[in-house]
Protein chains: 2
Amino acid sequence: MKSYEKVFVDFLKRNNLKLTHPRSIILQAVFRNHDHFDIETLYDQIRVEHKNVSRATIYRTIPLLVEAGLIKNPLRQESKDRYEYIYGHRDHLHLVCSKCSKIIEAGSKQIEKLLAEIAQKHDFRIEEYNLVVSGICKKCLNK
Amino acid sequence: MKSYEKVFVDFLKRNNLKLTHPRSIILQAVFRNHDHFDIETLYDQIRVEHKNVSRATIYRTIPLLVEAGLIKNPLRQESKDRYEYIYGHRDHLHLVCSKCSKIIEAGSKQIEKLLAEIAQKHDFRIEEYNLVVSGICKKCLNK
DNA sequence: GCCTTTTATGAGATTGAGTCTCAAAATCAA
DNA sequence: TTGATTTTGAGACTCAATCTCATAAAAGGC
């Protein structure tokens with residue numbers, strides 16, 4: 001069993017939820033998308049091999065994966081929520097190109113440190129952060 | 001004429017757009033919300049005094065205000081886009097309480113500086129940034 | 001294995017924020 | 001005032017996301 005599977009199974013057990021076939025299929029599909037994905041695309045991917053998994057179940061399972069700490073919802077593009085695989089990844093920020101929609105990921109310990117300081121100033125306990133910077137990427141700048 | 005009105009009027013002229021009654025009404029309503037607002041709430045506020053301004057016109061005018069640099073769309077809460085008045089305000093980051101939905105604003109020149117450095121490293125030209133930090137606010141921590 | 005209770009599922013209906021359509025109305029330069 | 005052009009209101013429409021509910025699958029006890 002892969003380690004992300006263990007995380008999910010443990011999460012389910014802890015919450016008295018059942019490990020069902022659709023949930024396994026969805027978990028595998030999500031982890032085939034190692035970068036960002038939206039649910040409609042995920043739905044289409046799953047449908048290729050598993051015509052009997054419903055849209056409702058996918059939408060019901062995604063919040064479980066978020067709660068289990070395996071994925072998170074970092075941003076919204078083209079009227080769709082976009083998720084990303086975070087298990088084993090450090091938090092990072094996204095540079096989103098407003099021309100070509102490309103997403104560049106960049107980590108920064110310095111940012112984290114700064115945020116921690118700011119939060120402390122406001123007696124705020126950080127749970128997670130989404131740093132989204134919009135602009136123009138190198139490629140589009142050169143066009 | 002208030003300075004934000006001048007900004008909008010100039011913007012319209014520059015783009016060969018007309019200053020219409022509905023656009024004025026919407027501008028005034030937006031600037032009565034000095035903090036964050038969503039469009040449905042704005043719609044209700046406008047409707048109290050101006051029953052003939054349509055939802056479509058509000059949705060059509062908001063992007064103009066964004067383009068004019070008067071407001072921006074900093075985050076999404078409860079499946080709704082939330083906007084804020086930025087004319088005359090510095091960029092800042094948002095601390096959003098995941099319990100009570102309260103939004104604390106915090107400025108940070110240091111963050112801006114860091115982002116500029118990171119962007120340069122990736123040959124990325126920043127147009128704008130939204131720094132959203134989720135967590136628990138002071139009040140909710142003490143409950 | 002086989003019940004039995006509980007939880008999860010699929011299919012399709014529903015919601016609701018946001019967009020689009022188009023005939024009618026308002027704007028503004030001449 | 002006129003008339004080309006843009007904008008508007010009302011409601012239809014879109015589509016991601018949620019809900020409903022009868023049926024099905026899971027897991028623990030026998």
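Any value given below was found using the heavy atoms of this structure, including those in side chains, with hydrogens, waters and symmetry copies removed. Reminder, nothing fancy here: chain letters follow the sequence lines and each chain counts from 1. Keep in mind that what you see is a predicted model, and the values were worked out from it rather than measured.
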Donor-acceptor list for residues 117-127 of chain B side chains, cut-off 3.5 Å, not counting sequence neighbours:
{"from": "H122(B)", "atom 1": "ND1", "to": "I118(B)", "atom 2": "O", "distance (Å)": "3.1"}
{"from": "D123(B)", "atom 1": "OD2", "to": "K138(A)", "atom 2": "NZ", "distance (Å)": "3.4"}
{"from": "E127(B)", "atom 1": "OE1", "to": "S98(A)", "atom 2": "OG", "distance (Å)": "3.0"}

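R23(B) places no side-chain N or O within 3.5 Å of a backbone atom of T61(B) that could act as its donor or acceptor partner.
Taking the six-membered ring for Trp and the full ring otherwise, Y87(A) and Y4(A) have centroids separated by 6.0 Å or more. Ring centroid separation for the pair H36(B) and H94(B) comes in under the 6.0 Å cut-off.
Summarising the geometry, the separation between NE2 on H50(B) and P on dG9(D) is reported as 11 Å, rounded to the nearest angstrom. The distance between atom CG of D81(B) and atom P of dT19(C), rounded to the nearest whole Å, is 8 Å. In this structure, CG of N52(A) is placed 18 Å from P of dA8(C), rounded to the nearest angstrom. The distance from atom NZ of K18(A) to atom P of dG28(D) is 9 Å, rounded to the nearest whole Å. Between R76(A) atom CZ and dA17(C) atom P the separation is 12 Å, expressed in whole Å. To the nearest angstrom, P of dT9(C) lies 16 Å from CZ of R55(A). If you take CZ of R23(A) and C1' of dA8(C), they are 6 Å apart, rounded to a whole angstrom. The distance from atom OH of Y59(B) to atom P of dA10(D) is 16 Å, rounded to the nearest whole Å.
Closest approach to the R47(B) side chain among dG10(C), dA10(D), dT8(D) is made by dA10(D) (side chain taken as heavy atoms from C-beta onward). When the nucleotides dG12(C), dT7(D), dA17(C) are ranked by their closest atom to the side chain of K80(B), dA17(C) comes out on top.
Along DNA chain C, the nucleotide nearest to H21(B) and the one nearest to I39(B) differ in position, and the one closer to the 5' end is contacted by I39(B). Of the two residues near DNA chain D, S79(A) and N16(B), the one whose nearest nucleotide lies more 5' is N16(B). With the nearest nucleotide of DNA chain D identified for both A56(A) and E78(A), E78(A) has the one nearer the 5' end.
D38(A) comes within 4.0 angstrom of no nucleic acid atom, judged by non-hydrogen atoms across all strands.
Interface remark: the R60(B) side chain does not form any donor-acceptor pair with the dG18(C) base, using a distance-only criterion of under 3.5 Å.
Salt-bridge check for R14(A) with D10(A): failed, with every basic side-chain N at 4.0 Å or more from each acidic carboxylate O.
Residue T20(B) places at least one side-chain N or O closer than 4.0 Å to OP1 or OP2 of dT8(D). Contact annotation: T57(A) side-chain N/O to dG10(C) OP1/OP2 distance is under 4.0 Å.
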